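This report concerns only the one structure given below.
Keep in mind it's a predicted model, so treat the numbers as computed, not measured. Residue numbers start at 1 and run along the sequence shown.
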Amino acid sequence: MKNIKLIALDVDGVLTDGKLYIGSNGVEYKTFHTHDGMGISLAQYVGIEIALITGRKSPAVEKRAAELKIKHVYQGVNNKTEVLYQIVSALNIDLNQVCYIGDDINDLPLLNIVGYPACPHNAVSQVKEQAHIVSAHKGGEGAVRDIIDQILSATYDHQSLFEDYLNMKITINQ
């Protein structure tokens with residue numbers, strides 16, 4: 001896990017709980033866990049790129065990605081594999097340097113080609129069978145943070161990383 005350069009994520013069922021909340025006004029709502037956001041920020045801090053690749057389109061995903069400064073956001077994707085190939089080509093990295101986090105059968109093609117396939121605890125059984133990392137947490141409940149912590153702990157001392165990150169944030173905010 002020390003050579004991961006990109007963490008690519010599905011959204012529904014990974015960053016969210018997988019439920020679709022649609023109000024009577026037709027507006028779709030999604031919930032995101034702040035722990036996942038902090039994990040993404042920590043990964044970016046150490047130079048790991050983050051990508052969102054999702055089959056659905058949602059203004060909530062766009063807003064959350066902007067908040068987290070995620071540069072690679074692909075929504076309404078029919079062929080996730082093609083998009084991932086484009087991203088790794090643009091970043092000039094190999095698929096074995098990619099961790100993909102997915103939860104359902106439409107994620108299997110990506111999980112089968114990356115170096116580090118991962119999933120939330122509540123992923124479907126076919127995905128769990130392919131994953132090298134299965135989080136103890138459910139999608140939308142800190143699974144992304146848990147997986148990122150496992151990746152970072154392979155390379156970094158958590159305490160030192162957290163102190164460096166917090167010191168950097170304090171300096172920026174002063």
Side-chain angles (χ1 to χ4, degrees), residues 1-16 18 28 30 32-33 35-120 123-124 126-135 139-140 142-156 161 164-165 168:
M1 287 193 283
K2 291 182 179 185
N3 67 340
I4 291 177
K5 304 287 185 213
L6 170 68
I7 299 172
L9 311 164
D10 179 30
V11 174
D12 294 317
V14 174
L15 276 176
T16 75
E28 179 180 272
K30 295 182 183 290
F32 300 92
H33 202 294
H35 290 179
D36 291 336
M38 179 56 73
I40 288 169
S41 294
L42 286 167
Q44 291 170 320
Y45 177 71
V46 300
I48 297 173
E49 295 280 343
I50 304 294
L52 304 181
I53 307 172
T54 180
R56 298 181 55 81
K57 281 188 171 189
S58 169
V61 171
E62 191 175 314
K63 180 170 177 25
R64 186 63 175 145
E67 289 173 351
L68 295 172
K69 298 175 178 63
I70 298 173
K71 296 179 271 185
H72 310 283
V73 181
Y74 300 86
Q75 296 194 71
V77 174
N78 291 323
N79 187 337
K80 292 181 176 187
T81 305
E82 184 178 296
V83 170
L84 183 61
Y85 280 126
Q86 291 172 6
I87 297 168
V88 298
S89 176
L91 295 174
N92 197 29
I93 62 173
D94 295 321
L95 286 169
N96 65 356
Q97 295 174 300
V98 177
C99 172
Y100 181 76
I101 307 173
D103 71 307
D104 213 334
I105 60 170
N106 61 325
D107 296 310
L108 286 171
L110 291 173
L111 292 165
N112 288 325
I113 62 170
V114 300
Y116 300 92
C119 68
V124 299
Q126 297 91 333
V127 168
K128 285 182 172 181
E129 290 169 8
Q130 296 302 315
H132 293 177
I133 305 168
V134 178
S135 174
V144 171
R145 171 64 181 273
D146 178 44
I147 293 165
I148 289 173
D149 279 352
Q150 291 181 55
I151 291 167
L152 295 178
S153 68
T155 306
Y156 301 95
L161 174 59
D164 289 348
Y165 177 82
M168 181 268 311

State, with a plain yes or no, whether a side-chain heavy atom of D12 is found less than 4.5 Å away from one of K30. yes

Identify the two heavy atoms, one from H33 and one from R64, that lie closest to each other, and give their separation to 0.1 Å. O-NH2, 4.0 Å

Throw together a table of side-chain donor-acceptor distances under 3.5 angstrom for residues 88-102, partners on residues two or more places apart or in other chains.
residue, atom, partner, partner atom, Å
Q97, OE1, D94, N, 2.9
Y100, OH, D107, OD1, 2.6

Mind listing the closest non-hydrogen atom pair of A143 and S135 along with its distance? CA-OG, 3.5 Å

Report, as yes or no, whether the 6.0 Å neighbourhood of atom NZ on K128 holds more than 12 heavy atoms from other residues, nucleotides or ligands. yes

So CD of Q130 and CG of N112: to nearest 0.5 Å the spacing works out to 4.5 Å

What residue among I148, D146, I147 forms side chain to side chain contact (heavy atoms under 4.5 Å, CB included) with V144? I148

Using 0.5 Å steps for rounding, measure from the CD1 atom of I4 to the CD1 atom of I151. 4.0 Å

Say you draw a straight line from CD of Q44 to CD1 of I7; how long is it, rounded to the nearest 0.5 Å? 9.5 Å

Assess whether atom NE2 of H72 is packed by more than 12 heavy atoms of other residues, nucleotides or ligands within 6.0 Å. yes

Got D104 and D10 here, is their nearest side-chain heavy-atom distance under 4.5 Å? no

Dump the intermediate steps for side chain to side chain contact (heavy atoms under 4.5 Å, CB included) on C119 and V134, then the final yes or no. CA-CA 5 Å; C119 68; V134 178; 3.8 Å; yes

Within the structure provided, determine whether L84 and V114 are in side-chain contact (heavy-atom separation under 4.5 Å). yes

Atom pair CD (E82) and CG (L110), whose distance is rounded to the nearest 0.5 Å: 11.5 Å

Answer yes or no: is there a side-chain heavy-atom contact under 4.5 Å between N3 and Y116? yes

Verify side chain to side chain contact (heavy atoms under 4.5 Å, CB included) between N106 and K80, making sure each step is shown before the conclusion. CA-CA 9 Å; N106 61 325; K80 292 181 176 187; 3.6 Å; yes

For a side chain to side chain contact (heavy atoms under 4.5 Å, CB included) with L9, tell me which candidate from L52, I53, I70 qualifies. L52

Is atom CD of E62 surrounded by more than 12 heavy atoms (other residues, nucleotides or ligands) closer than 6.0 Å? no

Atom pair CD (E67) and NZ (K63), whose distance is rounded to the nearest 0.5 Å: 4.0 Å

Quick check against the 3.5 Å criterion: does T155 have a side-chain atom that pairs as donor or acceptor with the backbone of L152? no

Of all the heavy-atom pairs spanning I50 and A43, show the shortest one and how long it is. CD1-CB, 4.1 Å

Taking it one step at a time, do I87 and L6 satisfy side chain to side chain contact (heavy atoms under 4.5 Å, CB included)? CA-CA 9 Å; I87 297 168; L6 170 68; 3.8 Å; yes

Can you tell me if D36 uses its side chain to pair, donor with acceptor, with the backbone of R145 under 3.5 Å? yes

